Colleague: 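For reference, the structure I am asking about is given below.
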Amino acid sequence: MAIAPVLPIEHRATADCLGFPLAEPLTALRTQPAADVSAMDGYALRAADLPGPWRVIGESAAGRPFAGVVGPGEAARISTGALVPAGADMVLIQEDAAREGDRLTLTGTPPEPPHRHIRPAGMDFRRGDMLMAPGTRIGPAQIALALTAGHAHLPVRRQLHLAVIDGGDELAAPGANLADHQLPASNSAMLAALAAQPAVRITRTGPVPDRLEALQAAFDAARDADVIVTSGGASVGDHDLVRPALAELGAELAFWRVAIKPGKPLLVARRGAQVILGLPGNPAAAFVTGFLFLLPLIRAALGAADAMPRPIPAALSESMPAGGSRMEFLRAVWDAGTVSLDGLQDSGALSSLARANALVVRPAHAPEAPAGQFVPVYLL
Ligand SMILES: Nc1nc2c(c(=O)[nH]1)N[C@H]1C(S)=C(S)[C@@H](COP(=O)(O)OP(=O)(O)OC[C@H]3O[C@@H](n4cnc5c(N)ncnc54)[C@H](O)[C@@H]3O)O[C@H]1N2
Ligand code: MOO
């Protein structure tokens with residue numbers, strides 16, 4: 001992941017930060033709650049005055065506190081979230097009280113301990129508390145926490161610009177009438193969907209024909225992207241033009257080919273700060289390498305603490321045949337801790353990819369694994 005571009009930090013409106021990793025540590029700018037508040041609707045009074053009765057002298061509502069002091073024998077009507085008035089140290093819930101005019105009597109059981117229905121100042125966090133570490137992914141709860149802690153804006157990396165290019169003479173636009181030598185382009189839409197998130201701005205180009213100048217022009221048009229991802233043309237055939245096109249553009253090849261199945265002809269290159277991922281054209285190979293390489297690259301560039309996908313153990317529902325010379329990522333269905341391999345693992349097959357919700361990892365040269373054995377699984 002050392003190859004990931006480092007995106008600059010900016011301050012973004014907190015409500016618009018969904019999915020962005022936090023770029024700097026976040027400390028609380030305020031204490032929550034700022035003062036003691038009631039957790040229930042009822043009456044604020046003094047525990048020492050139990051068992052009552054009391055005289056109701058005013059009201060503390062959420063956002064409209066009671067200005068006076070609750071003295072001996074007195075009570076204030078109070079609502080959930082309202083400040084506990086000065087003098088009071090107990091909230092009697094209204095179900096345990098009866099009120100007639102300003103006279104309040106105890107009908108049920110008083111709270112035990114007496115402060116049970118009072119949320120003390122700082123119960124959630126205090127000003128200066130460290131709330132979130134850099135790299136934390138901002139989800140719905142993190143948005144609410146940051147806002148409550150007084151942060152209208154958050155430090156995050158700027159949006160990553162991803163350019164996705166479809167290439168190949170056999171590819172046609174969606175919906176076109178097709179001859180047998182043609183098929184609808186689907187990889188760039190699939191990869192764009194895989195990468196889609198608010199922190200990523202995606203542009204798509206193609207299908208680009210198998211001509212060096214056409215591919216170079218597509219790369220050139222995407223020169224401002226942080227990451228370019230192509231699919232197809234990464235292998236060894238006469239029409240596999242990604243490497244030659246990159247060489248012409250002066251991009252530096254970081255590596256080409258990895259010992260995984262599907263996904264062998266994966267290519268990674270750099271052009272200045274830009275990273276180019278050349279994924280294989282076979283759709284399942286494009287998906288698997290997108291999941292294993294593109295998504296971690298995006299997460300690392302955005303500064304996520306957990307850039308790499310994490311496998312979980314799951315039990316095989318049936319035996320798994322011995323593996324070959326490459327590490328494999330097998331399409332499977334995971335259900336409640338058990339995983340079933342799909343019978344169709346050809347890297348050109350999309351039907352099994354669409355059925356799968358998991359990838360089972362089979363190491364190179366793995367012996368046959370019996371049913372019930374735990375294997376590492378990536379949930380999709
Ligand atoms: N002699 C060898 N042949 C091949 C090798 C090898 O090592 N030696 N590797 C094989 C492996 S493994 C893979 S994976 C493929 C990948 O090749 P490419 O990345 O060059 O992909 P293409 O040949 O361009 O296309 C493969 C396949 O995928 C379809 N495709 C391509 N792009 C799209 C798209 N955008 N949308 C939908 N489908 C797409 C394309 O039509 C082909 O059917 O190479 C093996 N060959
Ligand atoms: O490595 Mo390729 O993706 O299997 O057909």
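This one's a predicted model, so the numbers in the text were calculated from it and none came from an experiment. First listed ligand is number 1; within each ligand, the first listed atom is number 1.
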Colleague: Quick one: look up the protein heavy atom nearest atom 23 (O) of ligand 1 and list residue, atom name and how far away it is.
Modeller: Asp240 OD1, 4.0 Å

Colleague: Examine distances only and state if a side-chain atom of Glu248 and a backbone atom of Ala245 form a donor-acceptor pair shorter than 3.5 Å.
Modeller: no

Colleague: Suppose we measure from atom 40 (C) of ligand 1 to each protein heavy atom; which comes out shortest, and what is that distance?
Modeller: Glu170 OE2, 3.0 Å

Colleague: Quick one: does Ala234 get an N or O within less than 3.5 Å of an N or O on ligand 1?
Modeller: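 Yes; the residue has a nitrogen or oxygen that sits under 3.5 Å from a nitrogen or oxygen of the ligand.
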
Colleague: Tell me which one of Gly278, Pro265, Pro262 gets a heavy atom nearest to atom 11 (C) of ligand 1.
Modeller: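 Answer by nearest heavy atom: Pro265.
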
Colleague: Look at the side chain of Thr27 and the backbone N and O of Met130, then say whether any donor-acceptor pair between them is shorter than 3.5 Å.
Modeller: no

Colleague: Heavy atom of Ser186 under 4.0 Å from ligand 1?
Modeller: yes

Colleague: Of the choices Gly167, Gly233, Ser231, which has the non-hydrogen atom that lies closest to atom 22 (P) of ligand 1?
Modeller: Gly233

Colleague: So, the side chain of Ser352 versus the backbone of Asp342: is there a donor-acceptor pair under 3.5 Å, distance only?
Modeller: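 Absent.
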
Colleague: Do me a favour and list the nearest non-hydrogen protein atom to atom 2 (C) of ligand 1 with residue, atom name and distance?
Modeller: Val236 CG2, 3.6 Å

Colleague: Which of the numbered atoms in ligand 2 are under 4.0 angstrom from any heavy atom belonging to Pro262?
Modeller: 1 (O), 3 (O), 4 (O)

Colleague: Could you tell me, atom by atom, which parts of ligand 2 come under 4.0 Å of a heavy atom of Arg326?
Modeller: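 Atoms satisfying the 4.0 Å criterion: 1 (O), 4 (O).
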
Colleague: Determine whether a donor-acceptor pair (N or O, by modelled atom type, separation under 3.5 Å) exists between the side chain of Gln182 and the backbone of Ala179.
Modeller: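 Yes, Gln182 side chain to Ala179 backbone: donor-acceptor pair under 3.5 Å.
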
Colleague: Out of Leu350, Asn282, Asn187, whose heavy atom sits nearest atom 15 (C) of ligand 1?
Modeller: Asn282

Colleague: In terms of side-chain geometry, is the basic nitrogen of Asp226 or Arg157 positioned less than 4.0 Å from the acidic oxygen of its partner?
Modeller: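 No, Asp226 and Arg157 are not salt-bridged.
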
Colleague: Just to be sure I'm reading this right: ignoring hydrogens, which of Leu191, Asp169, Leu171 gets closest to atom 38 (N) of ligand 1? Compare them by their nearest heavy atoms.
Modeller: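 Of the listed residues, Leu171 has the closest heavy atom.
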
Colleague: Within 45 degrees of the axis of the six-membered ring of Tyr43 and under 6.0 Å from its centre: does Arg77 put its NZ or CZ there?
Modeller: yes

Colleague: Measure across Leu178 and Pro184 and return the closest heavy-atom pair with its distance rounded to 0.1 Å.
Modeller: CD1-CD, 3.5 Å

Colleague: To which protein heavy atom is atom 3 (O) of ligand 2 closest, and what is the distance rounded to 0.1 Å?
Modeller: Gly263 N, 2.7 Å

Colleague: Does at least one non-hydrogen atom of Ala185 fall below 4.0 angstrom from an atom of ligand 1?
Modeller: yes

Colleague: Suppose we measure from atom 35 (N) of ligand 1 to each protein heavy atom; which comes out shortest, and what is that distance?
Modeller: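 Nearest neighbour among protein heavy atoms for atom 35 (N) of ligand 1, to 0.1 Å: Asp166 OD1, 2.4 Å.
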
Colleague: Whether the side chain of Arg331 engages the backbone of Gln345 through a donor-acceptor N/O pair (distance < 3.5 Å, no angle test) should be reported.
Modeller: yes

Colleague: Using modelled atom types only, decide if a donor and an acceptor are shared between the side chain of Arg127 and the backbone of Arg30 within a distance under 3.5 Å.
Modeller: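 Here the side-chain-to-backbone pair does not exist.
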
Colleague: If you measure every N/O of Arg326 against every N/O of ligand 1, is any gap under 3.5 Å?
Modeller: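 No, Arg326 has no N/O under 3.5 Å of an N/O on ligand 1.
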
Colleague: Can you name the atoms of ligand 2, numbered from 1 with element, that are less than 4.0 Å from a heavy atom of Ala285?
Modeller: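 With Ala285 as reference, the close atoms of ligand 2 come out as 3 (O).
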
Colleague: Could you list which atoms of ligand 2 come closer than 4.0 Å to a heavy atom of Lys264?
Modeller: 1 (O)

Colleague: So which heavy atom in the protein is nearest atom 5 (O) of ligand 2, and how far is it from that ligand atom?
Modeller: Ser347 OG, 2.4 Å

Colleague: Parallel, tilted or perpendicular: which fits the ring planes of Phe329 and Tyr378, with parallel below 30° and perpendicular above 60°?
Modeller: tilted

Colleague: With a sphere of 6.0 Å drawn around CD of Glu318, does it hold more than 12 non-hydrogen atoms of other residues, nucleotides or ligands?
Modeller: no

Colleague: Hey, is Asp129 close enough to Arg126 for a salt bridge, meaning N to O under 4.0 Å?
Modeller: no

Colleague: How close does the nearest protein non-hydrogen atom get to atom 44 (O) of ligand 1, and which residue and atom is it?
Modeller: Ser235 OG, 3.4 Å

Colleague: Write out the residue and atom name of the closest protein heavy atom to atom 7 (O) of ligand 1, then the distance separating them to 0.1 Å.
Modeller: Lys264 NZ, 2.8 Å

Colleague: How close does the nearest protein non-hydrogen atom get to atom 19 (O) of ligand 1, and which residue and atom is it?
Modeller: Gly281 N, 2.9 Å

Colleague: I'd like to know whether ligand 1 has Gly168 as a neighbour, heavy-atom separation below 4.0 Å.
Modeller: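 No, Gly168 has no heavy atoms under 4.0 Å from ligand 1.
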
Colleague: Among Arg119, Gln32, His117, Met123, find the one that has a side chain to side chain contact (heavy atoms under 4.5 Å, CB included) with Val37.
Modeller: Arg119

Colleague: Backbone or side chain, does any N or O of Leu183 fall under 3.5 Å from an N or O of ligand 1?
Modeller: no

Colleague: Counting only nitrogen or oxygen atoms and a 3.5 angstrom limit, does Asn282 reach ligand 2?
Modeller: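 N/O-N/O distance under 3.5 Å: yes.
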
Colleague: OG1/Thr14 to CG/Leu154 distance, rounded to the nearest 0.5 angstrom?
Modeller: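 Answer rounded to 0.5 Å: 3.5 Å.
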
